[in-house]
There are 4 protein chains.
Amino acid sequence: MSESAQKKEESGKYNRIIAAATKTFAEKGFFKSTVSDVARAAEVAEGTIYLYFKNKDDLLISIFESSMDMFIREMDQALEGITDVKERLRRLITLHLSLVEAHRELAQVLHIELRQSSMFMREYTGDKLKQYLKFIQDIIEAGQAEGVFNSNADPYVLRRTIFGALDEVGLKWVLSKRKGPLEQFSKQIADLFLNGLTQLKEK
Amino acid sequence: MSESAQKKEESGKYNRIIAAATKTFAEKGFFKSTVSDVARAAEVAEGTIYLYFKNKDDLLISIFESSMDMFIREMDQALEGITDVKERLRRLITLHLSLVEAHRELAQVLHIELRQSSMFMREYTGDKLKQYLKFIQDIIEAGQAEGVFNSNADPYVLRRTIFGALDEVGLKWVLSKRKGPLEQFSKQIADLFLNGLTQLKEK
Amino acid sequence: MSESAQKKEESGKYNRIIAAATKTFAEKGFFKSTVSDVARAAEVAEGTIYLYFKNKDDLLISIFESSMDMFIREMDQALEGITDVKERLRRLITLHLSLVEAHRELAQVLHIELRQSSMFMREYTGDKLKQYLKFIQDIIEAGQAEGVFNSNADPYVLRRTIFGALDEVGLKWVLSKRKGPLEQFSKQIADLFLNGLTQLKEK
Amino acid sequence: MSESAQKKEESGKYNRIIAAATKTFAEKGFFKSTVSDVARAAEVAEGTIYLYFKNKDDLLISIFESSMDMFIREMDQALEGITDVKERLRRLITLHLSLVEAHRELAQVLHIELRQSSMFMREYTGDKLKQYLKFIQDIIEAGQAEGVFNSNADPYVLRRTIFGALDEVGLKWVLSKRKGPLEQFSKQIADLFLNGLTQLKEK
DNA sequence: TATGAATGAGTGTTCATTCAT
DNA sequence: AATGAATGAACACTCATTCAT
């Protein structure tokens, strides 16, 4: 680990700010959150934030990138050694919702706040999100190549369809007060998509 | 000026502002758009906007509500007389994406900008959106009651799943530069869900 | 007078802000003066300043330009009809110091504050100042053409020499607490330069 | 490290900071220069600057004082043994502009940046500047006592007049891109003032 | 001495909203 | 109803200065 990287990690300031910003943005929204709010939550001075992040937008981007990294890392780990594509897709769906459940504030920021920064939807290319979407797409393509999933549907469209469904369901669950068993949802959604995908070929 | 003419004139201003705000919010985002931007686009004075809308948030809410009204009205019309639930669901999917295609600025505002106003996701109950989601749910429940759709899945979850998928695919299409045939997407997505729904019961 | 110009002049806000800014900048210096200071002095809201001036720098530039306009206007008027170049130069020197005396705050801003805005010394071309310097130069050149002033010296250098002397003496007088008869200074300086200029040729 | 070596090292840092600050202030202006800019240019840590200077203002004052010391030292040296007052004044004028030419950054800081710190023009008494002005005044008074310069003019006014002229011409030369022969200017200005001063008495 | 991370007060500028006309 | 000049609260960001190491 480089010295500067070590400094950032070790001091904990960087991570403390990221965590505080995630919480603050989730609670008040990105635009309604002030840098001062984040500083207070992180228990650092306002100026300190600018030692670690270029500006307020950069803070949001950083939350996003580090989160997607985590998502992808967890997925890789969870699917390691699983060869059956149907099982891979089922686990991806389950894990996605589990992660949302485990990091509800994060999920909220990613889903809602991310889309408002004009930077994101218009200027920022969103490589990390694409990486995750590609992950989904790879599973679908593998399934199609194996003949397990039908090949009529464009994997590009399917990845969006699945991601959108998971994103929306996850968000709704995060926002709703009554927190039912998200696990059951996973099964229903996985069944829906797996059947949808496998049976199409027999048409 | 007669009273009815005046009324029309009023309503003309109202609609002009709604249209201008939709366009402006889609272009610059809700928070980055100023009331002055909207006024300029609508060719009215800033103060005039406050004769028709309580405040800037109210403008966004109004866009949303009138749009969802349109969505539901169009859906009602399109599904009128169609009794086959599978066909009803297929048409709903197709029409949803068609409407997005026809009103891309609106879709952008609904999808992105709507979620930023903390008012919306936290305070505003979003009755109109619920109304639309209920519309989807009704079709599913009818299908389940008829035995055409399997009954394992919670209609409540399904409506979110389908809505999320349509929302995400529609948004992506709106934002992408290369505008391919959205119609083909509709068929693929409809097939996916219909098969997913119908085959589940046979499991 | 155009309507918008009339508005600006009539409301008096523009001039009130210019006057308040001149006073404030003279007292505290440009950089140490806050826009809020100026607003308070002008008895307008902070935001109002931005309706009349692009930004704080623009305020300084505007003070400068309108002042140099006044300087030149007064000079034109004072020298109108005077044909003798020696008398013209003498009157210019006298009037310059009189104007400084009459508008000491203005003089202070012009002399000191003007030079700090990087805009001015580096980016701003300072056309109005050049116009005034050209005014001085014209007198010198006319004198040289008539053979009244000697022609050994570059009019370009002379104009700077005279301007610098007047500027420095004027400033010092403005800043010093004991305010003696500036008029007597005028005579001494005029004598010095006129003799310097006229006798050089006989060398 | 020996004590004397340490002292030298200290002094080395001191001078390095002075030099870096002069350069930085000349380039960006005093207010727009940050202490961090100066530290970077001097290749020391920010905190180090505060070991040698009380604060940012003190840095500017120190530049000024050490420069005026140099000015006076050089003048003393250059005029040593010259008894003819006319020659003394001529040499002073020439040397002033030569020094400006040799230390253009310094000249710029002295002329422009110095005047912005409210400390200077209002609170700071400027002893060193007075010392230099007194230097000029002494020459004039000597000339008047000898009967070489006419006695009509107040030496106090004359010193300001000459200083102002030199300051302005020097500054203009420093700022202008096209750098002509400043030496020629010296001769013209010296001629102008010497004739102005000597001939006044014969009037 | 020397460092440079941390601080937090301070400021230019924006913009939603109001209200006299 | 319509206007748009005026308001002033709010906020992102900077930077001189400090201090623990």
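Within every chain, numbering begins at 1; the chains are lettered A, B, ... in the order of the sequence lines, protein sequences first and strands thereafter. Every heavy atom of this structure was used, including side-chain atoms; hydrogens, water molecules and symmetry mates were not.
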Report task. Hey, could you give me each pair passing salt bridge (Lys or Arg N to Asp or Glu O under 4.0 Å) that has a residue in residues 37-53 of chain A? Not counting sequence neighbours. Result -> A:K28-A:D37, A:D37-A:R40
**Report entry** Separation of E:dG12 P from C:I49 CD1 (nearest whole Å)
**Finding:** 10 Å
Query raised in the report: Say you draw a straight line from OG1 of A:T22 to CG of A:L106; how long is it, rounded to the nearest 0.5 Å?
Result: 6.0 Å
Query - Atom pair distance, as rounded to whole Å: CD in C:E43 and C1' in F:dG8 - result: 16 Å
**Report entry** Between P of F:dA9 and CZ of C:R40, the distance in whole Å
**Finding:** 12 Å
Requested in this report: Send over the distance from C:K28 NZ to E:dT11 C1', rounded to a whole Å.
Outcome: 12 Å
Query - Candidates F:dG4, F:dT17, E:dA2 - which lies nearest the side chain of B:A45 - result: F:dG4
Report task. Report the nucleotide, chosen from E:dT13, F:dA12, F:dA5, that has the shortest atom-to-atom distance to any side-chain atom of C:N55. Result -> E:dT13
Requested in this report: Please determine, for the side chain of D:T34, which listed nucleotide (E:dT1, F:dC15, E:dG12) has the closest atom?
Outcome: F:dC15
Report summary line: So NZ of A:K54 and OG of A:S62: to nearest 0.5 Å the spacing works out to 9.0 Å
Could you list, one pair per line, each protein nitrogen or oxygen that sits under 3.5 Å from a nitrogen or oxygen of nucleotides 18-21 of chain E, together with the distance?
none

Query raised in the report: Which pair of heavy atoms, one from A:L59 and one from A:V38, lies closest together, and at what distance?
Result: CD2-CG1, 4.2 Å
**Report entry** Residues which pass ring pair (Phe, Tyr, Trp, His ring centres under 6.0 Å) with A:F53, listed by chain and number, not counting sequence neighbours
**Finding:** A:Y14
Report task. Give a yes/no answer on whether the side chain of A:T48 brings an N or O atom under 4.0 Å of OP1 or OP2 in E:dA6. Result -> no
Requested in this report: Would you please name every residue forming a side-chain hydrogen bond (donor to acceptor under 3.5 Å, both in side chains) with D:K56, sequence neighbours left out?
Outcome: none
Requested in this report: Just compare E:dA6, F:dT17, E:dA2 and give me whichever is closest to any side-chain atom of A:L51.
Outcome: E:dA6
Requested in this report: State the CG-CD1 distance between B:D58 and B:I49, to the nearest 0.5 angstrom.
Outcome: 11.5 Å
Query - Residue mapping more 5' on DNA chain E - nearest nucleotide basis, D:V44 or B:V35 - result: D:V44
Report task. Mind calculating the distance between CZ (A:F25) and P (F:dA12) to the nearest angstrom? Result -> 9 Å
Report summary line: Between CZ of B:F31 and C1' of F:dC11 the distance, given in whole Å, is 14 Å
Query raised in the report: How long is the line joining NZ of D:K56 and C1' of E:dG10, in whole Å?
Result: 14 Å
Report summary line: Writing each nucleotide of DNA chain F 5' to 3' as (, ), [, ], | or . by Watson-Crick or G-U pairing under 3.5 Å yields .||||||||||||||||||||
Report task. Let me know the distance between OH of C:Y52 and P of E:dT13, rounded to the nearest Å. Result -> 18 Å
Query raised in the report: Would you say E:dA2 has OP1 or OP2 under 4.0 Å from some side-chain N or O of D:K13?
Result: yes
Requested in this report: Working to the nearest 0.5 Å, report the span between OG1 of D:T24 and CD of D:E105.
Outcome: 8.5 Å
Query raised in the report: Who passes side chain to side chain contact (heavy atoms under 4.5 Å, CB included) against A:A42, sequence neighbours left out?
Result: A:I17, A:A20, A:V44
